[in-house]
2 protein chains.
Amino acid sequence: MSIRELKKQKKKRAILESAISLFNENGYDNTSIAQIARKAGIGKGTVYSHFNNKKSIIQGFCEYELEKIHNQLIAQSNRDSSVLEQMLIIYMTEFEHVTKNREFGRLYMREALFPDDEDQRNTSDLEKKYFDVLFPILQKGQERGELRKDLDLLHITAHFYSLYILVTSSWYTGRLPTSGVKVAMELLFKQALNGLSPAPATNTIGENCND
Amino acid sequence: MSIRELKKQKKKRAILESAISLFNENGYDNTSIAQIARKAGIGKGTVYSHFNNKKSIIQGFCEYELEKIHNQLIAQSNRDSSVLEQMLIIYMTEFEHVTKNREFGRLYMREALFPDDEDQRNTSDLEKKYFDVLFPILQKGQERGELRKDLDLLHITAHFYSLYILVTSSWYTGRLPTSGVKVAMELLFKQALNGLSPAPATNTIGENCND
DNA sequence: CTGTAAAAATGACCGCAGTCGAATTGTATA
DNA sequence: TATACAATTCGACTGCGGTCATTTTTACAG
């Protein structure tokens, strides 16, 4: 690694650290690039040689964090627990990381779910890692009979992920206090597994299997 | 209604119309308030006497639109259809409206789900109307035995709403083409009703259901 | 119609995100 | 070490969102 690359990495980290502390201190909108640059001890223009724009400072940080989580989870994952337990661990871990730096997490969720048209998403590799964590768990779940075998793994993921989004949103909007997040997520995950309609045995099977 | 109020309403509509066309033409970020003002035939400062900031132009529009939808739905709703059918109609209607003006919808979803801390949400009345539409349908569903009676109506709503968010996000991120939205939503709604885990009694029932 | 006070409209102004060409620093070759 | 070249840094500059003191319009009493 040349001196150049080394300096570049160092500066990038300095920018991120300045940005994180300033964003959490004063909020995203109340922090100027000039401030970040000053705190990092560099010129304003230099910030833009490391990040395309203000938003991508957030993306850079969050994607870096998320990748760390995923690597952690792959190492930690306990193949023997139930799907419910493992999903709870995964999404609660992600929730904690996303909301640890409130401002960063908020802007990341926005960009990830409803991105600017111009920002062509480069999350594909991140997504791949995501699925690398989830799919083995779900597959095992299918083999163990915890999950219906006729369902696409992608669709199963969709249910858990969508509930994760909702819970996170509820936390951000203040409808759900931090203390209630885990309970809510567990409840909703269980309901997703069991279904909203009554068990077929007791009731009209035909209606549940309508097409 | 005084002449003042009348003029004010007229100008507000003029601003919105200019904003809608410019946003859809050039995108939100590439449209300046000055442009909107010029097109509406007023001064720049006047825009700010009708809207607190650029974002609230979007909110004003979308909340107005959503209220229209809700009123429509209350009138239209067919109490005799299944919960699945009614939910599909409601959320597909909302999807169509939200995505009709792509840019507006995107920014509205962002604000609704992950709002700025400073913007204290005033969506409570909008939410109330929302529940006024949904709860009767779900209640009827419980009475008819389509939905488990032990579930909180709010939680049932959560499942459908979260899937709606996911599908909408998938559309905005380009993962789901417009043509695939309804199919995806129906599939996911059915799965939410039936549950992700196999029916307790037998394993084969699940396989007869859905695709 | 006139005077007047409140309401509304306005655009100059401020601080910021992002750009760009010039200046500086690192690298390679002789 | 000297020189040429590429990468990096920089801050003055542009156009924008949002503010505010000033001007213009409206409502109404005398």
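Residue numbers start from 1 in every chain, and the chains themselves are labelled A, B, ... in the order their sequence lines are given, proteins ahead of strands.
For A/Tyr130, the ring pair (Phe, Tyr, Trp, His ring centres under 6.0 Å) partners at least two apart in sequence or on another chain are A/His70. For A/Glu17, the side chain to side chain contact (heavy atoms under 4.5 Å, CB included) partners two or more places apart in sequence, or in a different chain, are A/Arg13. In this structure, the ring pair (Phe, Tyr, Trp, His ring centres under 6.0 Å) partners of B/Phe160, at least two apart in sequence or on a different chain, are B/Phe189. For B/His97, the side chain to side chain contact (heavy atoms under 4.5 Å, CB included) partners are B/Glu65, B/Ile69, B/Thr93, not counting sequence neighbours. Take B/Ser49 and apply the side-chain hydrogen bond (donor to acceptor under 3.5 Å, both in side chains) test, not counting sequence neighbours, and it matches no residue. When the side chain to side chain contact (heavy atoms under 4.5 Å, CB included) test is applied to A/Ser170, the partners found at least two apart in sequence or on another chain are A/Leu166, A/Arg175, A/Leu176. Among residues two or more places apart in sequence or in another chain, the side chain to side chain contact (heavy atoms under 4.5 Å, CB included) test is passed with A/Glu146 by A/Ser82, A/Val83, A/Arg144.
The distance between atom CD1 of A/Ile36 and atom P of D/dT9, rounded to the nearest whole Å, is 16 Å. To the nearest angstrom, P of C/dA9 lies 12 Å from CZ of B/Phe51. Distance B/Lys12 NZ to C/dA8 C1': 15 Å, rounded to the nearest Å. If you take CZ of B/Arg38 and P of D/dG15, they are 12 Å apart, rounded to a whole angstrom. If you take CD1 of A/Ile42 and C1' of D/dT8, they are 11 Å apart, rounded to a whole angstrom. Residue A/Asn26 contributes atom CG, which lies 11 Å from atom P of C/dC16 at whole-angstrom precision. Spacing between atom NZ of B/Lys8 and atom C1' of D/dT25 amounts to 14 Å, rounded to whole angstrom units.
Contact check, B/His50 against C/dA8: no side-chain N or O comes under 4.0 Å of OP1 or OP2. Contact check, A/Ser49 against D/dT9: a side-chain N or O comes under 4.0 Å of OP1 or OP2.
Scanning residues 14-22 of chain A for heavy-atom distances under 4.0 Å to DNA chain C yields an empty list.
Taking the six-membered ring wherever Trp is involved, the centroid distance between the rings of A/Tyr164 and A/Phe95 does not fall below 6.0 Å.
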Between the protein and nucleotides 17-23 of chain D, list the N/O to N/O atom pairs that are separated by less than 3.5 angstrom.
unit_1, atom_1, unit_2, atom_2, d
D/dG17, OP1, B/Thr31, O, 3.1
D/dG17, OP1, B/Lys54, NZ, 2.6
D/dG17, OP2, B/Ile33, N, 2.7
D/dG17, N7, B/Lys44, NZ, 3.1
D/dG18, OP2, B/Tyr48, OH, 3.3
D/dG18, OP2, B/Lys54, N, 2.7
D/dG18, N7, B/Lys44, NZ, 3.3
D/dG18, O6, B/Lys44, NZ, 2.5

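A heavy-atom distance below 4.5 Å is found between the side chains of A/Leu107 and A/Tyr28.
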